[in-house]
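See structure below.
These values consider heavy atoms only, across backbone and side chains, with no hydrogens, waters or symmetry-generated copies. Below, read A as the first sequence line, B as the second, and so on, with proteins coming before strands; counting in each chain starts at 1.
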2 protein chains.
Amino acid sequence: MPRSARITDDACVPAASEEGVLEDLIGYALRRAQLKVFQNLIARLSAHDLRPAQFSALAIIEQNPGLMQADLARALAIDPPQVVPMLNKLEERALAVRVRCKPDKRSYGIFLSKGGETLLSELKQIAADSDHEATSSLSDGERTELLRLLKRIYRD
Amino acid sequence: MPRSARITDDACVPAASEEGVLEDLIGYALRRAQLKVFQNLIARLSAHDLRPAQFSALAIIEQNPGLMQADLARALAIDPPQVVPMLNKLEERALAVRVRCKPDKRSYGIFLSKGGETLLSELKQIAADSDHEATSSLSDGERTELLRLLKRIYRD
DNA sequence: TATTGTTATACTCTATAACTATA
DNA sequence: TATAGTTATAGAGTATAACAATA
């Protein structure tokens, strides 16, 4: 039985219309738009059994070959412990490798494998297509403007 | 010991620069911007021990008094089972109430309590202030344009 | 003593199947 | 049988403290 059945016991409304206050909040619109765009990307990446964060990691590694795990964590805006299982996955699938750092034997340099590079070039096209499809209601000029405004926000 | 120490054992790069491929993706920019805006909102709402989703729920209930839990789930874009603990919290804190629906005794109508209405009017101001602060690098005209573009995306 | 990577843990969010009570 | 709400559970994502090896 439900945990509450107090009060006057009455009321029933068919309603479920659109919101009022939330509609003026950029944060709310950002969340909804981000969810929609990500749903598209998640669906496409699932064909390769990858999550968006893993794709981002591969792209960051390619852009910064030899970076350390702490650097990767910072670039992904996640905490260092979260990098471990993610990198383990990428290593298991032979997409990336950890290489001992000579001067500082505590750390690793992270690199893409040849297979990782090949897959990443495919993923880049997939991500670009997904991005375009999920924002198909915008013109190219609007996409450019949106990108500019979003960068202004997250770059502080 | 680490689970991999194969390969040539060498390499060390101070690097950790900015990304290249990701910078052109709207999905990536959306995610970063949304995280930043939400961090601000989460911090402000924590003073009232509330999460953004709970604030959204209160706003939707006010806009649709008497709606059913299934309607609320749809409006929040979450699954019905997730509504239960959230609504329990709101009822425990006497911000919202479930009222038995007379014609269909399986369902409830959801309403704000008087205290819920009072708190919500406070929260609206907090959310508006947070939104403004988190997007302080934009002009009012740019905020309006951004909101327009985001709605075009998530409304399909 | 401080730092890199790691382990363990926990808490939230999300998603699914199955149960109850009504219809 | 179908539906509204609920329960239970499992999987991600996120955050923190603490440990080992190295500096």
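- Checked by atom type, the side-chain pair B:Arg152/A:Ser137 shows no donor-acceptor distance below 3.5 Å.
- Look at CG on B:Asp79: it is 14 Å from P on D:dG5, rounded to the nearest Å.
- If you measure from atom CD of A:Gln34 to atom C1' of D:dG13, you get 13 Å, rounded to the nearest angstrom.
- Along DNA chain D, the nucleotide closest to B:Ile110 and the one closest to B:Gln39 are compared, and the more 5′ of them pairs with B:Ile110.
- For A:Asp104, counting side-chain heavy atoms from C-beta on, the closest listed nucleotide (D:dA23, C:dA23, C:dG5) is D:dA23.
- Using a 4.0 Å cut-off, no side-chain N or O of A:Gln82 falls inside it from OP1 or OP2 of C:dT6.
- At a cut-off of 3.5 Å, with distance as the only test, no side-chain donor of A:Asn88 or A:Glu91 sits close to an acceptor on the other residue.
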Test side chain to side chain donor-acceptor pair (under 3.5 Å) applied to A:Asp129 and A:Gln125, step by step: CA-CA 6 Å; A:Asp129 291 347; A:Gln125 189 59 52; 3.0 Å; yes
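- For the pair A:Arg51 and C:dT14, the criterion of a side-chain N or O lying under 4.0 Å from OP1 or OP2 is not met.
- Side-chain proximity of A:Arg106 to the nucleotides D:dA23, D:dG5, D:dA15 is greatest for D:dA23.
- Atom CZ in B:Arg98 sits roughly 16 Å away from atom P in D:dA4 (whole-Å rounding).
- Listed nucleotides: C:dT4, C:dT22, D:dG5. Nearest to the side chain of B:Lys105: C:dT22.
- Closest to the side chain of B:Pro81, from the set D:dT22, C:dT6, D:dT7, is D:dT7.
- Clustering ILVMFWY residues whenever any of their side-chain heavy atoms sit less than 4.5 angstrom apart, transitively, puts B:Phe55 in a cluster other than the one holding A:Ile26.
- Put simply, CE on B:Met86 is 13 Å from P on C:dT12, counting in whole angstrom units.
- B:Ile42 places its CD1 atom 9 Å from the P atom of D:dA15, with the value rounded to the nearest Å.
- Going from atom CZ of A:Arg31 over to atom P of D:dG13 covers 13 Å, rounded to whole Å.
- Rounded to the nearest 0.5 angstrom, B:Leu146 CG and B:Lys151 NZ are separated by 11.0 Å.
- Distances were taken from every side-chain heavy atom of A:Tyr108 (C-beta onward) to each of C:dG5, D:dT6, C:dT14; the shortest belongs to C:dG5.
- Whole-Å rounding puts the B:Met68 CE to D:dT6 P distance at 12 Å.
- Atom pair B:Leu50:CG and C:dC13:P shows a separation of 12 Å (rounding to whole Å applied).
- Comparing A:Pro85 and B:Ile78, the nucleotide of DNA chain C nearest to each residue sits closer to the 5' end for A:Pro85.
- Listed candidates were D:dT6, C:dT6, D:dA23. Nearest to the side chain of B:Val84 is D:dT6.
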